[in-house]
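Taking it in order: structure first as structure tokens, then the write-up.
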Amino acid sequence: MLRFITSRFLQSLLALFLVITATFFMLRFVPGGPFTAEKAVTPEILRNLEAHYGLDKPLWRQYLDYLGSLAQGDLGPSFKYPNRTVNEIIADKVPVSAELGALALSLALVLGISLGTLAAIRRNTWIDYTASTFGMAGISIPTFVVGPLLVLAFAIHLGWFNASGWYGPLDRVLPAIVLGLAYAAPISRLTRGGMLEVLNQDFIRTARAKGASEFRVVTRHALRGGLLPVITYLGPAVAGILTGSFVIETIFQIPGIGREFVNSAFNRDYTLVLGTVILYAGLIMALNLVVDIVQAWLNPKVRLEA
Amino acid sequence: MPAASPSPIAARPSPVDEPIEKGNSLWHDAWLRLRKNKLAVFGMGTLAIVAVACLFGPLISPYGYEEQELNNTFASPSWQHWLGTDQLGRDLLVRLLDGGQVSLGVGLCATFVALTIGVAYGAVSGFFGGKLDAVMMRTVDIMYSLPFTIFVILLMVFFGRNIVLLFVAIGAVEWLTMARIVRSQVMAVKKMEFIEAARSLGFGHRRIIFRHILPNILGPIIVYTTLTIPAVMLLEAFLSFLGLGVQPPMSSWGVLIKDGAEKMEEYPWLLQFPAAIFSLTLLSLNFLGDGLRDALDVRSSKD
């Protein structure tokens with residue numbers, strides 16, 4: 001087990017290093033720079049600016065400098081927001097995205113797992129069909145369609161919510177629902193599939209034979225195995241709830257890290273782009289690692305295959 | 001029966017207890033099963049209508065997709081303009097059908113890119129096995145864990161948003177699953193006896209892969225290709241929604257949804273129609289893909 005974790009950990013580190021390197025050089029080789037948009041800049045000021053941010057040094061030097069400060073947890077100064085560091089900006093924006101993500105994830109888990117379980121134990125009834133239709137619709141209809149349509153209905157026509165913004169608790173409702181629904185759909189499908197497989201197995205019959213109530217059979221015995229596919233999905237999904245929120249944060253004008261990333265790419269704020277990429281990549285890899293470990297722990301087969 | 005008989009019918013004996021009727025091929029059976037699946041039939045019908053409308057609609061429409069009527073902007077749906085007009089007085093129906101050509105086109109082309117890379121990669125990895133397979137699959141594992149959406153966004157922001165790059169970027173993201181599926185299928189098929197027979201006849205690797213293995217795993221490939229198309233279209237629309245995909249004067253469903261969302265407060269139909277046709281198309285593709293999976297009896301390895 002320890003060997004398994006170590007090997008996966010080293011693999012993640014290697015992947016993270018590749019991401020950092022690839023992004024760093026890609027950013028330097030693209031046409032245009034962070035200061036090209038500002039037309040008023042004279043060549044002299046440009047030189048000063050570049051010297052200030054170390055952009056006049058040879059590329060390999062910049063790369064090593066960046067890795068050096070990164071090792072100390074310093075993501076460097078932002079090129080577009082004067083006097084602000086990337087660390088500060090991330091610390092500022094991440095809590096917003098995390099709050100939205102946590103709300104959406106809770107909704108997705110509760111809705112997805114209960115719908116999927118109900119569909120499995122009431123297979124081929126109207127409950128099952130409703131849940132399947134919901135699942136398919138949720139997979140097919142993207143957030144950038146659901147979002148504006150819900151805004152149109154509930155904010156503009158009914159006036160229950162603000163169309164955009166991130167101030168009071170009411171402003172959390174629509175974004176969390178839109179984001180949550182998008183993830184509830186695949187979770188319900190995975191739960192249904194996993195539960196159907198488990199419910200046919202011998203140990204479920206044993207539990208029933210021992211006189212356990214149906215509720216207990218489902219919640220205590222079946223769900224444990226039935227949720228395995230969901231756990232696999234959750235790794236990339238949790239990270240995706242943050243990455244997927246590019247669109248949500250754009251639609252609802254939420255000051256989170258997703259919107260900041262898209263803006264920073266447009267602004268060519270190299271350090272901020274790189275910092276956000278590292279954040280996302282690190283998050284995805286950490287979550288995948290956790291999922292791998294949980295799976296290996298729950299299912300010895302996975303451990304042996306690795 | 002003499003072993004030399006190459007008749008394809010002999011290779012698939014029908015069960016003894018059933019009366020032998022006309023030789024039902026695997027594909028014929030699958031077609032019958034698919035036809036019984038109402039949702040899949042609905043998907044096929046809708047897709048056919050949407051595809052035909054997008055291909056021929058703009059040709060017979062009295063309006064061009066760039067044709068502006070500046071004295072008739074934001075017209076609501078009427079007999080003159082069935083779905084109304086946009087901020088420049090352009091006919092929304094024509095723009096929708098024309099954008100559909102782009103969306104479907106991107107979907108098909110990028111899927112083709114993903115299919116080609118994925119099948120070739122998976123087939124080589126699964127067929128040769130051993131160290132090569134280990135290295136190739138580890139690479140796929142690592143690529144799986146990369147934040148690809150982010151790279152696609154960066155690519156589109158930095159390297160001007162041209163449509164060829166869009167194909168390449170999307171295709172590069174979507175081939176991974178195909179490669180995994182093809183690999184596992186190839187590994188299962190290559191152990192079968194007819195492959196050994198082909199080998200003993202002295203056929204080369206290439207011939208065995210293309211003539212003997214791939215035809216036998218067409219089922220899963222078709223199913224996942226069908227399911228890749230909506231995923232690709234979703235990614236294209238996502239990029240277009242962020243302003244990074246298809247650029248004006250071209251339009252796609254993603255672009256129209258983005259434009260519609262900006263104007264939805266006063267002119268909701270500009271959002272509703274593109275959103276409806278886009279969702280309907282994706283839903284149909286997914287229904288068809290799911291139906292094909294059941295009909296071809298492909299065990300799901302993904303969900």
Side-chain angles (χ1 to χ4, degrees), chain A residues 11-12 14-16 18-19 22-23 26-27 29-32 132-133 136-137 139-149 151-152 155-157 163 186 189-190 193 229 233 235-236 239-240 243-244 246-247 250-251 261-262 265-266 268 273 276-277 279-285 287-289, chain B residues 39 43 138-139 141-151 153-160 227 230-231 233-235 237-244 253-254 257-258 260-266 268 270-272 274-276 278-287 289-290 300 302-303:
Chain A
Q11 200 182 320
S12 305
L14 175 70
L16 192 59
L18 289 177
V19 169
T23 316
M26 187 173 121
L27 289 172
F29 284 121
V30 294
S132 297
T133 311
M136 202 45 125
I139 289 176
S140 305
I141 307 177
T143 48
F144 53 83
V145 170
V146 178
L149 286 179
V151 170
L152 193 59
I156 294 172
H157 284 306
R189 279 165 65 95
L190 290 169
Y233 171 77
T243 44
F246 296 140
V247 164
T250 307
I251 294 172
F261 170 74
V262 177
F266 276 116
R268 289 166 201 249
V273 170
T276 329
V277 170
L279 176 78
Y280 275 131
L283 189 70
I284 291 177
M285 282 162 199
L287 286 165
N288 277 332
L289 189 66
Chain B
L39 289 174
R138 263 296 99 102
T139 314
D141 283 349
I142 290 180
M143 291 181 78
Y144 246 110
S145 64
L146 301 182
F148 258 113
T149 326
I150 288 184
F151 275 118
I153 292 178
L154 288 180
L155 270 179
M156 300 316 287
V157 172
F158 293 140
F159 294 97
L227 292 172
M233 290 177 66
L234 209 62
L235 194 50
F238 167 75
L239 289 171
S240 294
F241 186 84
L242 290 177
L244 298 171
W253 288 338
I257 292 171
K258 170 188 154 64
E262 283 162 11
K263 308 265 173 350
M264 68 181 175
E265 228 161 305
E266 299 93 13
L270 288 179
L271 170 68
Q272 285 157 348
F278 181 66
S279 307
L280 193 65
T281 305
L282 290 193
L283 205 57
S284 301
L285 279 164
N286 278 324
F287 280 143
D290 253 27
S300 61
K302 218 181 139 203
D303 57 0

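Atom set for the values below is all heavy atoms of this structure, side chains included, hydrogens, waters and symmetry mates excluded. Per chain, numbering begins at 1; letters A, B, ... match sequence-line order.
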Which portion of A:Val146 sits near chain B, non-hydrogen atoms under 4.5 angstrom: neither
Minimum heavy-atom distance between B:Ser279 and A:Ile141, given as atom pair plus value: OG-CG2, 3.5 Å
Contact check, side chains of A:Arg189 and B:Asp290, non-hydrogen atoms, under 4.5 Å: yes
Closest contact, heavy atoms only, B:Leu282 versus A:Ser140: CD1-O, 3.0 Å
Ring geometry between A:Phe144 and B:Phe238 (parallel below 30°, tilted from 30 to 60°, perpendicular above 60°): tilted
Contacting region of B:Phe278 [heavy-atom separation from chain A under 4.5 Å]: side chain
Part of A:Phe261 within contact of chain B (heavy atom distance under 4.5 Å): side chain
Toward chain B, the part of A:Ile251 with a non-hydrogen atom under 4.5 Å: side chain
Option in A:Pro148, A:Pro186, A:Ala22 with maximal non-hydrogen atom pairs under 4.5 Å from chain B: A:Pro148
Portion of A:Leu16 that has a non-hydrogen atom of chain B nearer than 4.5 angstrom: neither
Interchain contact, B:Leu242 with chain A, by part (heavy-atom threshold 4.5 Å): both
Nearest atoms (heavy-atom pairs only) where B:Gln272 meets A:Leu152: NE2-CD2, 3.5 Å
Pick from A:Leu149, A:Thr250, A:Leu18 with the largest number of heavy-atom pairs that fall under 4.5 Å of chain B: A:Leu149
Contact origin within B:Ile257 toward chain A - heavy atom pairs under 4.5 Å: side chain
Side chain / backbone / both / neither for B:Ala237 at chain A, heavy atoms under 4.5 Å: both
